[in-house]
2 protein chains.
Amino acid sequence: MSLKHAILGFLSYKSLSGYDLKKAFDKSVRHFWSANQSQIYRTLAQMTDEGLVEREVVEREERLDMKIYSITNTGRSELHNWLTTPLPERETREPFLIQIFFGGTLSDEELLKLLHHESKSAKENLLAYHAIYQATTAPRVGESSTDARSFFFSLLTLEYGMESNRALLKWLNSAIERIEVKNYSPKALK
Amino acid sequence: MSLKHAILGFLSYKSLSGYDLKKAFDKSVRHFWSANQSQIYRTLAQMTDEGLVEREVVEREERLDMKIYSITNTGRSELHNWLTTPLPERETREPFLIQIFFGGTLSDEELLKLLHHESKSAKENLLAYHAIYQATTAPRVGESSTDARSFFFSLLTLEYGMESNRALLKWLNSAIERIEVKNYSPKALK
DNA sequence: CTGTCCATGTAAGGCGTTACATGATTGT
DNA sequence: ACAATCATGTAACGCCTTACATGGACAG
């Protein structure tokens, strides 16, 4: 279960509340793993039961209690174990390809509309990733340069997003082109 | 809900039983949308209630009844409507990237092991897609060439699989290379 | 005085997986 | 004799989403 391990990952750096974790997800891994708030709270409760994390209740007069979660030794070894074990292959689920697969019943115009729509959002995503990459790698003044190696791995996940969007765009363009000239014959493969 | 619409897609060609549908999924769309048997039966029951499909019970002496599902007019218009409506953007979920993101705590060796593992399966997938492509596009004797345009769309879904695997491989190779030479600096983007 | 941020959760429902159950027919 | 194929489903559980509920602090 990946969410659990992502949470352990964040807590291995620093103890956090559920709320902090939500922010951490949104800020850093949302582009390949989003988590919603209620799911985080539920999972934390579960992880507490399993002894992977410990909770410390911070009472604040007049305000809601805050619960700070810390990783336990069990949690740490579980994390390390998960991080170093190759995952089973996962099945892709691309609803968009279902539309394409059954595209035979649609007109060229209808299909091109779909493809262009997809292309637009792929381009936007690519640009967004690019911008984040530029922004985060820009040399900053007065900021403690966190461990360069750790930073490198977070950049790698961004590069993945760019690379896969580029591939998507390439595929979309090739499809659009062929539909436009009504060439429905297979591609010659090398 | 994509499963529902994929089922409608298959039924728009031909009336089928739940069992037939399972085979249809496994044979043609499994590489981007897998469905398991119990899910298909449950969804068919639901779709019958919604009036998207109709069931005809075929009694066979000595054997289990067979239920053949046909698409209704409501089903057809629902399908067409879904096929022509761009889907909301979906969030990627790549557990593998969680491992990379928190890779800072792992050794280079541990990380390379993960990356090579992923690379191996990407290569295998690519080869498999290639082989299917070759096999299905090879000129055959005495086979009714189904509609070339419809066939083209099914090929497109395969091409997508190849393109995205190529991108994955490219990314993996770049990551592996940089880790091997211990160059953890950001890439210069164009 | 309205909205956003901080901070916690519960409830309900959808989608998907795994395991279980049944039983005849056909192929090796 | 045994396995695979044909053909149907139920039960239970896990993960994720959406909506709901609460309430103080602080900024515009």
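A, B, ... follow the sequence lines: proteins, then strands. Residue 1 opens every chain.
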Output one letter per nucleotide in nucleotides 10-16 of chain C: B when a protein non-hydrogen atom lies under 4.0 Å from the base, S when only the sugar-phosphate is that close, - when neither is. B----SB

Round to the nearest Å and state the distance from A:Lys22 atom NZ to C:dG9 atom P. 16 Å

Going through the checks in order, is the ring pair (Phe, Tyr, Trp, His ring centres under 6.0 Å) test met by A:Phe102 and B:Phe10? CA-CA 8 Å; A:Phe102 293 108; B:Phe10 283 118; 5.1 Å; yes

Round to the nearest Å and state the distance from A:Ile40 atom CD1 to C:dA7 atom C1'. 13 Å

Pairwise 5' ranking along DNA chain D for B:Ile68 and A:Ala35, keeping only the more 5' one: B:Ile68

Ordered by number, residues from residues 79-88 of chain B within less than 4.0 Å of DNA chain D (heavy atoms) are none

With axes from five pairs an end, tell me the bend angle of the helix from C:dC1-D:dG28 to C:dT28-D:dA1, nearest 10°. 30°

Does the side chain of A:Ser174 come within less than 4.5 Å of B:Glu163's, by heavy atoms? no

Figure out the CG/P separation between A:Asp65 and C:dC6, and round it to whole Å. 18 Å

Would you check if there is a donor-acceptor pair between the side chains of A:Asn125 and B:Glu89 at a distance under 3.5 Å? yes

How about A:Gln46 and A:Lys4: do any of their side-chain heavy atoms sit closer than 4.5 Å? yes

Indicate whether any N or O donor in one side chain lies under 3.5 Å from an N or O acceptor in the other, for B:Arg76 and B:Thr72. no

Length of the CE-C1' vector between A:Met47 and C:dG9, whole Å: 18 Å

List the atom pairs, with distances to 0.1 Å, where a side-chain N or O of residues 13-24 of chain A and a protein N or O form a donor-acceptor pair under 3.5 Å, not counting sequence neighbours.
| residue | atom | partner | partner atom | Å |
| --- | --- | --- | --- | --- |
| A:Ser15 | OG | A:Ser70 | OG | 2.8 |
| A:Ser17 | OG | A:Tyr19 | N | 3.4 |
| A:Ser17 | OG | A:Asp20 | N | 3.1 |
| A:Ser17 | OG | A:Asp20 | OD2 | 3.1 |
| A:Asp20 | OD2 | A:Ser17 | N | 3.1 |
| A:Lys22 | NZ | A:Asp26 | OD1 | 3.3 |
| A:Lys22 | NZ | A:Asp26 | OD2 | 3.4 |
| A:Lys22 | NZ | A:Ala35 | O | 2.9 |

Would you be so kind as to tabulate the donor-acceptor pairs closer than 3.5 Å made by side chains of residues 116-124 of chain A, with sequence neighbours excluded?
| residue | atom | partner | partner atom | Å |
| --- | --- | --- | --- | --- |
| A:His116 | ND1 | A:Leu112 | O | 3.1 |
| A:Ser121 | OG | A:Glu118 | O | 3.3 |

Interatomic distance where CZ belongs to B:Arg55 and P belongs to D:dA7 [whole Å]: 16 Å

Report the relative orientation of the aromatic rings in B:Tyr184 and A:Phe153; use parallel for angles under 30°, tilted for 30 to 60°, perpendicular for over 60°. tilted

Please name the pair of heavy atoms, one in A:Ile98 and one in B:Ser2, separated by the smallest distance, quoted to 0.1 Å. CD1-CB, 3.7 Å

Rounding to a whole Å, what distance do you find between A:Lys23:NZ and C:dC5:C1'? 9 Å

Nucleotide C:dA7, atom C1' - distance to CG of A:Asp20 in whole Å: 10 Å

Could you check how far OH of B:Tyr69 sits from P of D:dA7, rounded to whole Å? 14 Å

Side-chain contact check for B:Ser17: nearest option of C:dC5, C:dG9, D:dA7 is D:dA7

What residues, two or more places apart in sequence or in another chain, satisfy ring-ring contact (aromatic ring centres under 6.0 Å, His included) together with A:Trp82? A:His5

With a 4.0 Å cut-off on N to O distance, would you call A:Glu56 and A:Lys67 a salt bridge? no

